[in-house]
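Everything on this sheet refers to the single structure shown next.
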2 protein chains.
Amino acid sequence: MTPVNLKSLAEQLHLSIATVSRALRDSHEVSEATKERVRALASALHYEPNAYASSLRRNISKTIGVVIPKVANHFFALAINGIEEAARQSGYHVLIYLTHDDYEREVSIVQHLKGGRVDGLLMSVASGTQDFAHLHSLKDANIPIVFFDRVCAEISTAKVTTNDYESGYQATEHLMAAGCQHIAHLLISNNLSIGQYRHQGYLDALTAHGLPIDEDLVMSGVMDNEQNVSLIRELLLRRPDIDGIFASVERLAISAYRVCHELGRRIPEDIKIIGFSNLEAAALLDPPLSTVTQPAYDIGREAARILLRAVEKKKAVLPEQSLVLASTLFARQSTGG
Amino acid sequence: MTPVNLKSLAEQLHLSIATVSRALRDSHEVSEATKERVRALASALHYEPNAYASSLRRNISKTIGVVIPKVANHFFALAINGIEEAARQSGYHVLIYLTHDDYEREVSIVQHLKGGRVDGLLMSVASGTQDFAHLHSLKDANIPIVFFDRVCAEISTAKVTTNDYESGYQATEHLMAAGCQHIAHLLISNNLSIGQYRHQGYLDALTAHGLPIDEDLVMSGVMDNEQNVSLIRELLLRRPDIDGIFASVERLAISAYRVCHELGRRIPEDIKIIGFSNLEAAALLDPPLSTVTQPAYDIGREAARILLRAVEKKKAVLPEQSLVLASTLFARQSTGG
DNA sequence: TTTATTTACGCAAACGTTTTCAGTAGGCGG
DNA sequence: CCGCCTACTGAAAACGTTTGCGTAAATAAA
């Protein structure tokens, strides 16, 4: 049971290792006849080049890392789909890491990745991340990084997002057009840039339409869903005047639904809800949920493409660049239909 | 800007490469004092060992591959979550590959993985896969494989599933208890073992309760959702006597909902529906969907644990072994409450 | 014919790590 | 003083691949 590697192939073909290697990489330095012989034997023996030897020698891993908070979330699942597609097309492999929105884990993951395991990194930062030293240090390790969705303003590199500000603005405007006067905003932990942009859209929309800004109507979600349900319940009980909810993240919209059902608030009669969401089943909810739907697959795919272009050109540091893909607002019954 | 590797560390410390390597791996052959010096410098310079050099030398990649049909599916998303957790705990990395239920892709992926990129493989087979040569050949490459959910009966190895037969039986029984007499079964492409088990449960439940078996009520889903909607519409129009639907895969339950809404069939008054599903929002659908919910996270985590144990022991081939984790039936309004 | 040039291949050195095998020094009993 | 053991360290050979350089033969240019 001799191993099937360049050496064994070379011996059987009475060629040197170098020639076999070159033949398999289709080098012009090898005659067509020889290439044919080599390829024939290689495929007969099911030769697969050792990825690690190749990576070590060429200092290229043909692998990208994807660091995201979670995967059990339709947005990220779709994004991974797009990433995998782009990677596959370019012959790259995809390593997945979940931070669970934990800063320590994020740091630890990034630190490990500097060992050369990946040629580049795609990332959506954890909501708890405030210090970006671990990300800065990637540049020293010559690893390009592209942020998607949850970008990091402090790092100058390429970023792919959706039009968070406009989407927040539109969603709020949509609620106002439906007659809402007291609109709550449920947002994700507020040190995330996307939360800030969406929130700014919400604020500006209110102001533009002459509604007062009331910070008491703004709620930051936490990690735990049950806790979010409690928080929303408290909010709705404390402020019975709330007649509209803008949830800028899917989980919070779902939690808001639960609370409304529980408290007997009718949607959309008593309270209207719109949420950022990629849920396929949004149209089947009771009632169908109006959504701002992000082009998650495209965001993932474009982020990966940008990263891969940089990797191929060995550009460790990407120019500050923002690609913004528009979200779509689907008006359904939860905002009056 | 000298690279920070064993060689540079050794030079700065006036030690040999060997000693530095041993110190970092906490070998007993190195004095505590030396270890301390080495560790101090290593962490000061943020030394990260080159994963590829290490993998090449030790013939161990500390990486497992996960090959699944898709990720934009709550079951697989949760499974990945469990897999990542188990892998992280053991210091392993996770490579993700999506087959999109395409046999050719599955073969190509598996073939590439034999290059030593992974120490082991977790897999849910594509629905189109009929030939298993590519999987058999993994044994030659010394790569252990563990199947989860969509297992492959032809390969003898460890498998982690849910109790598909019993779940199909229970779901069907649940519909009958709710008064259904003409129960359709929407199942995933029928060469998958899980589809067969669930279907057998359905059949046996019907027989056990004296209902006739009618093959015209059994529908195999396809890849495209829109096409599934058409198929279901045809079925319901052709057989207006259908008063219960057992969808043994989430997508088909969602599609069934769409068709019922479209055709004006009331759920549960006219037709009752239960589906395999991991959708968090199932309880918020219109009406709340009764589900058979699989322990997706646990399935992923346990499959990974079994695989990792084998990998650590360098057991390339795992004993035939089945771990069955029970699903839970949640009765909601779609079957009468 | 001689001299360039091309073509086709081999040698050997990397890449960074792990590990086997030796080797040195000091301590200790005899 | 000799031999031996222990404790530490170093030299060097792997792992499988890629690639700069050298070289022989074959072909083209002069």
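Residue numbering restarts at 1 for every chain, and letters A, B, ... go by the order of the sequence lines.
If you measure from atom NZ of B/K7 to atom P of C/dA13, you get 14 Å, rounded to the nearest angstrom. Rounded to whole Å, atom C1' of C/dC9 lies 12 Å from atom CZ of A/R37. For B/L6 and D/dG10, the CG to P distance is 13 Å, given to the nearest whole Å. Taking atom CD on B/E48 and atom C1' on C/dT17, their separation rounds to 14 Å, with Å as the unit. Rounded to a whole Å, the NZ atom of A/K62 is 22 Å from the P atom of C/dC15. For A/K114 and C/dG16, the NZ to P distance is 17 Å, given to the nearest whole Å. Per the geometry, CD1 belonging to A/I17 stands 8 Å off P belonging to D/dT17, to the nearest Å. Counting to the nearest Å, the C1' atom of D/dC8 and the NE2 atom of B/H14 are 18 Å from each other.
Counting non-hydrogen atoms under 4.0 angstrom, A/S54 reaches the backbone sugars and phosphates but no base. Among the protein residues, A/N59 comes within range of no part of the nucleic acid, since none of its heavy atoms lies under 4.0 Å from any strand. Heavy atoms of A/S31 sit under 4.0 angstrom from primed sugar atoms or phosphate atoms, though from no base atom. Nucleic acid contact class of B/T34 (heavy atoms, under 4.0 Å, all strands): sugar-phosphate only.
Regarding contacts with the backbone of C/dC11, every side-chain N or O of A/S16 stays at 4.0 angstrom or more from both OP1 and OP2. When the side-chain nitrogen and oxygen atoms of B/Y47 are compared with OP1 and OP2 of C/dT17, one or more of them lie within a distance under 4.0 Å.
Judged by atom type and distance alone, B/R22 reaches the base of C/dT20 through a side-chain donor-acceptor pair under 3.5 Å. Under 3.5 Å, the side chain of B/E29 and the base of D/dC8 form no donor-acceptor pair of N or O atoms.
Which of D/dG16, C/dT19, C/dT17 sits closest to the side chain of B/A53 comes down to C/dT17. With D/dT9, C/dG16, D/dA12 as the choices, the nucleotide that has an atom nearest any side-chain atom of B/L56 turns out to be C/dG16. The listed nucleotides are C/dT17, D/dG16, C/dC9; the one nearest the side chain of A/L15 is C/dC9.
Between the side chains of A/T63 and B/R117, at least one donor N or O lies within less than 3.5 Å of an accepting N or O. Side chains of B/H134 and B/E106: a donor on one and an acceptor on the other come within 3.5 Å. A side-chain N or O of A/H93 and one of B/Y97 form a donor-acceptor pair less than 3.5 Å apart.
Atom NE2 of B/H112 has 12 or fewer neighbouring heavy atoms from other residues, nucleotides or ligands inside a 6.0 Å radius.
Contact detail for A/V30 and A/A23: the closest heavy-atom pair is CG2-N, 3.9 Å.
Each of A/R25 and B/K35 was matched to the nucleotide of DNA chain D holding its nearest heavy atom; the match closer to the 5' end belongs to B/K35.
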